[in-house]
Protein chains: 2
Amino acid sequence: MSIRKTGKIRVRRAPEDARENILAAAERLLVVEGPLALKLAEVAAAAGVANASVLHHFGSIDGLHAALMERMVRQLIAEVLALADKGGPTRDDTQEAVFQALFDVFENRNAARLAAWLELTGEWRRMTHVREAVREVVARRASFGDVTPKQAEDLVLISVTLAMGAGLFGRALAELIGKPSGHAREVATEMLRVFHAAQCEKR
Amino acid sequence: MSIRKTGKIRVRRAPEDARENILAAAERLLVVEGPLALKLAEVAAAAGVANASVLHHFGSIDGLHAALMERMVRQLIAEVLALADKGGPTRDDTQEAVFQALFDVFENRNAARLAAWLELTGEWRRMTHVREAVREVVARRASFGDVTPKQAEDLVLISVTLAMGAGLFGRALAELIGKPSGHAREVATEMLRVFHAAQCEKR
DNA sequence: AGCTTTATTGACAAAAATGTCAATAAGAAA
DNA sequence: TTTCTTATTGACATTTTTGTCAATAAAGCT
């Protein structure tokens, strides 16, 4: 056993490492157990530290929530942009890559649950970098030139909306009608393809 | 003022009325303040009764939650089915009416927030009547005959997914790119129309 | 009227969650 | 080594939220 009764051993981390350790544990909790599991005691236990340590680094439970939101939003944005950059040679390939990136992030990484939580609590409006990131995505999309700028805006808007909806409700709804869990995503991407094609024609 | 100090006047309701009063207040709270506001004290205050009364009728705060979920899901299903029945003369009109019904319910009535809450807490799987209702919707849709049964299933799946996504995230995302709040819904319905048309062609 | 049932409630108890603080110890610097 | 900073922690205090209970009173019944 590695339990000591008398000799007191503590893991002492650099402040950033300590914060990272706690935030990673909190993120795991959020994704697996849902937002209700984000209690002080649960987060501390998951991170392997004392309650007081969490408060030391984040000030309060709300501070932890805010830090977690910020971290996850940053990861999310970075991931979408990175995946979008790895588009194929043609425009259609690139568009397809962006769609897949969106669904990967929102469905597989469970970012949709975070987004829903942010929307329900209404706390996300403070994060200005979200606004900037969205602007960047729209600008990139519009630069392709296969659709008008207005169409590009609509495409981004509807892609993200659909990816979030599918990421949050897709599995449950698919199960509900007896389809495999990935079915909602398939139909969603198909619909986006059709819509994009129609946009290109109508331009 | 209508405050009495000595004479004790109580409102005594029939059990169903009392439950209804409390549930209505709770629903108002959920929609306006979000799921975090569903505390015993807040619900009781909103309903104008004592905390103990809420517990008397629902046993516990979890009992209240469950009853609220059930009630809202029932209302939601009834509303969608009723609106879907009021379809226009042609098939396209009927389809359009169903789309509008979905978006009305999920966006305007804020049912999307409830759905998100149910998904995050994972409590909705117990409600079997949801499964039955979805089956009924699919059956109705398939009976139109303008698409194959498989396509009908996909259409229901994707319509609901999109309506929920738009209802929950639409306003925020539209604002984020500087569009009017109803824009997400417009684009969403347009995309559904395009997809439906493509389905009919491909049949 | 009196009697019965039970919805209602205030006061209180219990539990859960958050936050405080002084003491400790790990690591860096002197 | 000694000193200093501060991350860490257990014990405790505070706040919030939930749940209990006996007394009250509103409505139906005889």
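In what follows, chains are A, B, ... by sequence order, proteins preceding strands, each numbered from 1.
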**Prompt:** Where each residue is assigned the nucleotide of DNA chain D containing its nearest heavy atom, which of Glu42(B) and Ile22(A) is assigned the position nearer the 5′ end?
**Reply:** Ile22(A)

**Prompt:** Atom CZ of Arg12(A) to atom C1' of dC4(D): distance rounded to whole Å?
**Reply:** 11 Å

**Prompt:** Between dT9(D) atom C1' and His56(A) atom NE2, what is the distance in whole Å?
**Reply:** 11 Å

**Item:** Atom-pair distance (CG on Leu40(B); P on dA15(C)), nearest Å
**Value:** 17 Å

**Prompt:** Counting N and O atoms only, with roles assigned by atom type, does the side chain of Ser53(B) sit under 3.5 Å from a partner on the main chain of Val49(B), one being a donor and the other an acceptor?
**Reply:** no

**Message:** Below the 4.0 Å mark, does dT8(D) have OP1 or OP2 next to a side-chain nitrogen or oxygen of His57(A)?
**Reply:** yes

**Asked** Going by an N to O cut-off under 4.0 Å, is there a salt bridge joining Glu136(A) and Arg140(A)?
**Response** yes

**Asked** Between Asp146(A) and Arg141(A), is there a salt bridge with N-O shorter than 4.0 Å?
**Response** yes

**Item:** Atom pair distance, as rounded to whole Å: CG in Leu36(B) and P in dT18(D)
**Value:** 11 Å

**Message:** Using 30° and 60° as the class boundaries, would you call the ring planes of Trp117(B) and Trp117(A) parallel, tilted or perpendicular?
**Reply:** parallel

**Prompt:** Nearest-Å distance, CZ (Arg10(A)) to C1' (dG10(D))?
**Reply:** 9 Å

**Prompt:** Between Arg28(B) and Glu33(B), is the closest basic N to carboxylate O distance under 4.0 Å?
**Reply:** no

**Message:** Please compare Val11(A) and Val11(B) by the position of their nearest nucleotide in DNA chain D and report the one closer to 5'.
**Reply:** Val11(A)

**Asked** Could you give the CG-to-P distance, from Asn51(B) to dT16(D), as a whole number of Å?
**Response** 15 Å

**Residue-phosphate contact under 4.0 Å: Ser53(A) side-chain N/O, dT9(D) OP1/OP2** = yes

**Prompt:** How would you label the contact of Ala52(A) with the nucleic acid (heavy atoms, under 4.0 Å): base, sugar-phosphate, or nothing?
**Reply:** base

**Spacing between Ile61(B) atom CD1 and dT16(D) atom C1', to the nearest angstrom** = 13 Å

**Lys39(B) NZ - dG19(D) C1' separation (whole Å)** = 15 Å

**Prompt:** Considering only heavy atoms and no angle criterion, is a donor-acceptor pair shorter than 3.5 Å present between the side chain of Arg13(A) and the base of dT8(D)?
**Reply:** no

